[in-house]
2 protein chains.
Amino acid sequence: MSEKKRITLKDIAKNLGISVSTASRALNSYSGISDDTIKLVKDYAAKHNYVPNTMAVNFRKNKTLTLGLIVPELVHYFFSSAISGALAEAKKRGYTVLVSQTDELLSNEVYAARTMIASSVDGILISLSNQTINGEHLNELLEEGRPVVQFDKVLEELPTPKVIVDDFQGAYNAVTHLIEQGYRSIAHLNGFSTVKNSAERLRGYKQALTDSGLEIREDFIIHCKDISEEEGFEFTRQLMQLPNPPDSIFCITDLVAMGSMKFLKETGKKIPDDVGLIGFSNWNMANFVTPALSSVDQHAFKMGEKACQILIDLLKSGKIGKDETHIIPTELVVRDSSRRY
Amino acid sequence: MSEKKRITLKDIAKNLGISVSTASRALNSYSGISDDTIKLVKDYAAKHNYVPNTMAVNFRKNKTLTLGLIVPELVHYFFSSAISGALAEAKKRGYTVLVSQTDELLSNEVYAARTMIASSVDGILISLSNQTINGEHLNELLEEGRPVVQFDKVLEELPTPKVIVDDFQGAYNAVTHLIEQGYRSIAHLNGFSTVKNSAERLRGYKQALTDSGLEIREDFIIHCKDISEEEGFEFTRQLMQLPNPPDSIFCITDLVAMGSMKFLKETGKKIPDDVGLIGFSNWNMANFVTPALSSVDQHAFKMGEKACQILIDLLKSGKIGKDETHIIPTELVVRDSSRRY
DNA sequence: TTGAAAGCGCTACCAT
DNA sequence: ATGGTAGCGCTTTCAA
């Protein structure tokens, strides 16, 4: 362990025969310092490879220029894209990001929040776990004046800025598209009804049917529990065994749609001719399967970027953040799985 | 901004009529403190919601319990899995992780390293960008006695612990498998020859051919530049236009294999009958395409976990880390795209 | 077993 | 324009 010691402000001051405060002000280019001194100090610092001790600065300023980012699941196209967007924005504005994942477990979320608090992040970006039904663990942050911004999976009651996707519109557009393609009995593999995203997509699904004068059949709506490929497979089986099976399926997620597609293919159904299929998320894999899967793109990158931007703006302005909701529009990406004409 | 102030050690000491040092020692359960005092202080702290000021502790101890993690690309099945593994290990051992991505750009990598240094991470986990051909930007860390552990994309010359996948063996097994399935003219879409992983896979490819007495044809080896689906498509086209086209293709990556598969399907080639196909990485999508893609699994999660474990062990022991290489075995996952019998 | 006090590196306030 | 200095909250050495 060679521990080459960094030089400190004191060293600079001593060797330059000036005071520590002057050195500090010069390096930070404060007003009231002669250009000569500034140049002198900066040159010396550069030459001797001076790196300010961030821990000392943080300690002194009670700021870390570090953000906390908590997501349910990292190995997930949507979240990794959102993180990517948040990191990009953070980098642009000089912040670093502490990342944590909860595996959809509330206990992990609480732990992550505590850890972030302990790490003295300036603020937090969070997408809640499916289990989270109150935000006690985030109040501690808020009480200390550290802003929190929720994105994607949010809790309505928590009075923080929120960035969400327009799930209702996305679902509405997807189902309307199916109807336009001539499908008439459209099933929906939904998620937890307690999770707002699921509820909104369901609402969009129903509204689209209603607006087109189609009947809402409760036996066409199935709620997934873990939103997995397996469930997509299994529930599609159930759907197709109905006396009057659907002619198309709108899936809560591309992953579920994968399972659905698998079942349909295995049982010899032609997609999109016999059964139309559309997902939600627009995973990269949607392009690679055959037929390519139509999907609703959530602009995950932009979402992470936006959430991060809001958080940093808050930080810069010293405000804690209003309870306001920013809605990112979705984009319907039509591919072969739902294109009949 | 309500800023409910935290209580400090000083507050505790004053209110309990003891000294700050006693309070500190009691909270940390140092030896040489009476059980009564410990209980007294801990109870008081718990009751008043005492949270130590981490910035002060970090500053004082010159440790942050924070790790830096730098990867080329976050939205990538392999890397998000590896990060996931690293985060899990870090969490288990009480560390938090600062994440940064370089988009395969050296300039970003240098910047990320600087940022991490500035953020005073205790150590760094890094997977290098394709552009990185020397490790100057990491030397600063090492010189300060902060350990660095490289994983996956590593630079041989940098004297740090390395965790890599057995690219040679993985490629060797993949190609041998193709041979066992009766394929005789096997092409290889490789990557940069300057990147070690690519070079090793190429070596494995060649060795497998040689060991089976098959000829190595240079026109069957094509180097991708950005390892994209498009390249997979285009280079497969080139391969199939050869006078004696290959009967199977071993792709450097599943993504490249996707492009390859697309071209083969579009031109009416049957997989695996006419052409066998095998990838590397075992993306989740490999399961979803038709035919399902055979691939070499890199155990990304385990890799991240292992790298992180090594780093933390180093940190705990106060050592800087030897130049040693840990090789994670690969696992051949055979699916339909290469199964002839 | 406990207390007093130095001091980590930096910033910012108060002088000059 | 510059210097002196207090002090952020904590740990740790030295004394008692």
Side-chain angles (χ1 to χ4, degrees), chain A residues 3-42 44-45 48-66 117-120 122 144-146 318, chain B residues 3-42 44-45 48-66 117-120 122 144-146 318:
Chain A
E3 293 273 351
K4 200 178 78 176
K5 257 209 317 269
R6 294 182 184 177
I7 69 167
T8 70
L9 263 193
K10 206 194 282 183
D11 297 327
I12 296 182
K14 193 166 58 186
N15 291 323
L16 251 32
I18 59 177
S19 74
V20 175
S21 44
T22 301
S24 170
R25 277 175 296 210
L27 280 171
N28 293 297
S29 299
Y30 278 24
S31 58
I33 287 281
S34 74
D35 290 349
D36 287 353
T37 310
I38 291 185
K39 187 169 171 8
L40 181 73
V41 175
K42 286 199 170 172
Y44 185 92
H48 292 78
N49 226 333
Y50 169 72
V51 181
N53 181 326
T54 320
M55 292 187 254
V57 178
N58 289 345
F59 171 47
R60 187 58 236 260
K61 295 201 185 170
N62 196 33
K63 291 234 162 68
T64 55
L65 290 184
T66 298
I117 293 170
S119 299
S120 311
D122 290 346
E144 279 189 42
R146 309 217 176 241
Chain B
E3 293 274 354
K4 201 177 76 173
K5 254 209 318 266
R6 294 182 184 176
I7 69 167
T8 69
L9 262 193
K10 205 194 282 182
D11 297 327
I12 297 182
K14 193 165 57 185
N15 290 324
L16 250 32
I18 59 175
S19 74
V20 174
S21 43
T22 302
S24 170
R25 279 175 294 209
L27 280 171
N28 293 298
S29 301
Y30 278 24
S31 57
I33 287 281
S34 74
D35 290 349
D36 288 352
T37 310
I38 291 185
K39 186 168 171 15
L40 182 73
V41 175
K42 286 200 169 170
Y44 185 93
H48 292 79
N49 225 334
Y50 170 72
V51 181
N53 181 326
T54 320
M55 292 186 255
V57 178
N58 288 345
F59 172 46
R60 187 56 237 262
K61 294 200 183 169
N62 196 33
K63 291 237 160 70
T64 56
L65 289 184
T66 298
I117 292 169
S119 299
S120 310
D122 290 345
E144 280 189 42
R146 309 214 177 244

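Here is how names work: the chains are called A, B, and so on, in the same order as the sequence lines, proteins then strands, and each is numbered from 1.
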[atom1] of [X] versus [atom2] of [N]: gap in Å, rounded?
X     : N      : atom1 : atom2 : answer
A/M55 : D/dC8  : CE    : C1'   : 16 Å
A/I18 : D/dT5  : CD1   : P     : 17 Å
A/K14 : D/dG3  : NZ    : C1'   : 17 Å
B/K63 : C/dC8  : NZ    : C1'   : 14 Å
B/L16 : C/dT2  : CG    : P     : 12 Å
B/D35 : C/dT2  : CG    : C1'   : 15 Å
B/I12 : D/dG9  : CD1   : P     : 13 Å
B/N62 : D/dC10 : CG    : P     : 18 Å

### Task
Output, in order, the C-alpha distance, side-chain angles, deciding distance and verdict of side-chain contact (heavy atoms from CB on, under 4.5 Å) for B/T8 and B/N53.
CA-CA 8 Å; B/T8 69; B/N53 181 326; over 6 Å; no
### Task
May I ask you to evaluate whether A/K10 reaches the phosphate of C/dG7, defined as a side-chain N or O under 4.0 Å from OP1 or OP2?
no
### Message
Using OP1 and OP2 only, check whether a side-chain N or O of B/S34 sits under 4.0 Å from C/dT2.
### Response
yes
### Summary
B/D122 meets the salt bridge (charged side-chain N to carboxylate O under 4.0 Å, His left out) criterion, sequence neighbours left out, with B/R146
### Query
To 10°, what angle do the rotation axes through the five end pairs on each side of the helix from C/dT1-D/dA16 to C/dT16-D/dA1 form?
40°
### Query
Pick the nucleotide of DNA chain C nearest each of B/I33 and A/A56; which residue has the one closer to the 5' end?
B/I33
### Message
Taking B/S21's backbone N and O only, do any of them form a donor-acceptor pair with B/R25's side chain (distance below 3.5 Å, no angle check)?
### Response
yes
### Close side-chain approach of B/I7 and B/I12, heavy atoms under 4.5 Å
yes
### Query
Side-chain contact, heavy-atom cut-off 4.5 Å: B/T37 with B/T22?
yes
### Message
What does the B/S/- profile of nucleotides 11-16 of chain D look like, 5' to 3', with a 4.0 Å heavy-atom cutoff to protein?
### Response
BBB---
Can you tell me how far the [atom1] atom of [X] sits from the [atom2] atom of [Y], to the nearest 0.5 Å?
X     : Y     : atom1 : atom2 : result
B/I33 : B/I18 : CD1   : CD1   : 8.0 Å
A/L27 : A/Y44 : CG    : OH    : 12.0 Å
A/L40 : A/D35 : CG    : CG    : 12.0 Å

### Query
Does A/F59 lie flat on the base of C/dC10, that is, centres under 5.5 Å apart and planes under 30° off?
no
## Note on the structure
What one should report as the nearest heavy-atom pair of A/A23 and A/L9 is CB-CD2, 3.9 Å
